[in-house]
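Residue numbers run from 1 in the order of the sequence given. From a predicted model like this one, the values you see are computed outputs, not experimental measurements.
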Amino acid sequence: MDWIWVIVMALRQTSPAPADQWAVRLATLDADRAAAFAEADPTRLATVYVAGSRAMAADAATIRSYADRDGRVVGARLRVLTCRVVRTGSDRATLDVVDVLAPAQVEWGDGSVTDLPRDRPSRHRVTLHRTRDGWRIAGSRLR
């Protein structure tokens, strides 16, 4: 029976914990979100958010606001500091996440750059839904 524990421990070393798996999934979605900001292309947010979500509408409005002034936000990556699974199901997950925005800046059409204010860690309740295209963020609420 001791060999079973060896296998269990080996699997734990090679397979991330559930919260880590969700943190990786969030990082993947955030990479697409950061690309949407950097390209000033709100249509790219469809790979990040559930269609019609308030979070998607807010990000799209921000992207358009900068684009209307000939700017685009680069470096807008969220760093997940902690991720705790609150609830999961086959098509939904709720996470308690503490994250911080990486140093970001606005690149303007004239070549100038403006640093955005530094962020502080904040805690969010993030809800993800499984869609036919994969997991998407349905909402994020400040805690």
Side-chain angles (χ1 to χ4, degrees), residues 4-143:
I4 291 175
W5 290 110
V6 170
I7 292 172
V8 168
M9 293 309 289
L11 288 173
R12 282 188 177 166
Q13 294 297 322
T14 60
S15 177
D20 294 339
Q21 293 172 9
W22 287 108
V24 168
R25 184 164 283 133
L26 283 175
T28 301
L29 292 169
D30 185 60
D32 286 347
R33 179 180 176 269
F37 274 89
E39 296 169 13
D41 182 4
T43 64
R44 290 212 45 183
L45 295 172
T47 64
V48 178
Y49 294 106
V50 170
S53 71
R54 279 191 267 176
M56 183 167 139
D59 276 355
T62 301
I63 290 170
R64 280 192 291 278
S65 173
Y66 281 107
D68 289 348
R69 293 176 284 146
D70 202 21
R72 61 190 186 98
V73 179
V74 295
R77 295 288 309 256
L78 289 171
R79 295 179 182 154
V80 174
L81 303 176
T82 64
C83 179
R84 184 178 64 82
V85 176
V86 175
R87 186 177 312 112
T88 60
S90 61
D91 63 348
R92 291 178 185 241
T94 304
L95 310 172
D96 187 49
V97 177
V98 175
D99 57 26
V100 63
L101 183 66
Q105 51 190 207
V106 180
E107 290 184 357
W108 302 102
D110 66 3
S112 64
V113 175
T114 303
D115 290 333
L116 291 175
R118 297 291 297 213
D119 193 23
R120 292 187 179 188
S122 56
R123 185 175 177 186
H124 297 87
R125 181 64 50 100
V126 178
T127 305
L128 294 103
H129 291 183
R130 184 192 307 263
T131 70
R132 64 185 169 144
D133 297 318
W135 288 94
R136 300 290 186 263
I137 297 171
S140 178
R141 195 175 42 157
L142 195 58
R143 303 274 302 162

Interatomic distance, [X] atom [atom1] to [Y] atom [atom2] [nearest 0.5 angstrom]:
X: Phe37; Y: Asp32; atom1: CZ; atom2: CG; result: 13.0 Å
X: His129; Y: Ile137; atom1: NE2; atom2: CD1; result: 11.5 Å
X: Arg84; Y: Arg123; atom1: CZ; atom2: CZ; result: 6.5 Å

Closest approach of [X] and [Y], non-hydrogen atoms and distance?
X: Gly71; Y: Val106; value: CA-CG1, 4.1 Å
X: Arg130; Y: Ser90; value: NE-O, 2.9 Å
X: Ile63; Y: Pro42; value: CG2-CD, 3.7 Å
X: Leu45; Y: Ala36; value: CD2-CB, 3.7 Å
X: Val100; Y: Pro121; value: CG2-N, 3.8 Å
X: Ala34; Y: Ala76; value: CB-O, 3.5 Å

Tell me whether [X] contacts the main-chain N or O of [Y] through its side chain, where contact means a donor paired with an acceptor under 3.5 Å.
X: Arg136; Y: Ala46; value: yes
X: Arg125; Y: Arg143; value: no
X: Arg72; Y: Ala38; value: yes

Next on the checklist: According to side chain to side chain donor-acceptor pair (under 3.5 Å), who are the partners of Arg77, at least two apart in sequence or on a separate chain?
Outcome noted: Asp30

Checklist entry - Looking at Asp96, Leu142, Val98, which hits side chain to side chain contact (heavy atoms under 4.5 Å, CB included) with His124? => result Leu142

Checklist entry - How far apart are the C-alpha atoms of Thr131 and Asp133, what are their side-chain angles, what is the distance that settles it, and do they pass the side chain to side chain donor-acceptor pair (under 3.5 Å) test? => result CA-CA 5 Å; Thr131 70; Asp133 297 318; 4.8 Å; no

Checklist entry - Tell me the side chain to side chain donor-acceptor pair (under 3.5 Å) pairs involving residues 55-71, sequence neighbours left out? => result Arg33-Asp59, Tyr49-Asp59, Ser65-Arg69

Next on the checklist: Set out, in order, the CA-CA distance, both residues' side-chain angles and the distance that settles side-chain contact (heavy atoms from CB on, under 4.5 Å) for Trp22 and Thr88, then state yes or no.
Outcome noted: CA-CA 10 Å; Trp22 287 108; Thr88 60; 3.8 Å; yes

Any side-chain heavy-atom pair from [X] and [Y] closer than 4.5 angstrom?
X: Leu78; Y: Leu26; value: no
X: Val85; Y: Leu95; value: yes
X: Ser122; Y: Asp99; value: yes
X: Met56; Y: Val48; value: no

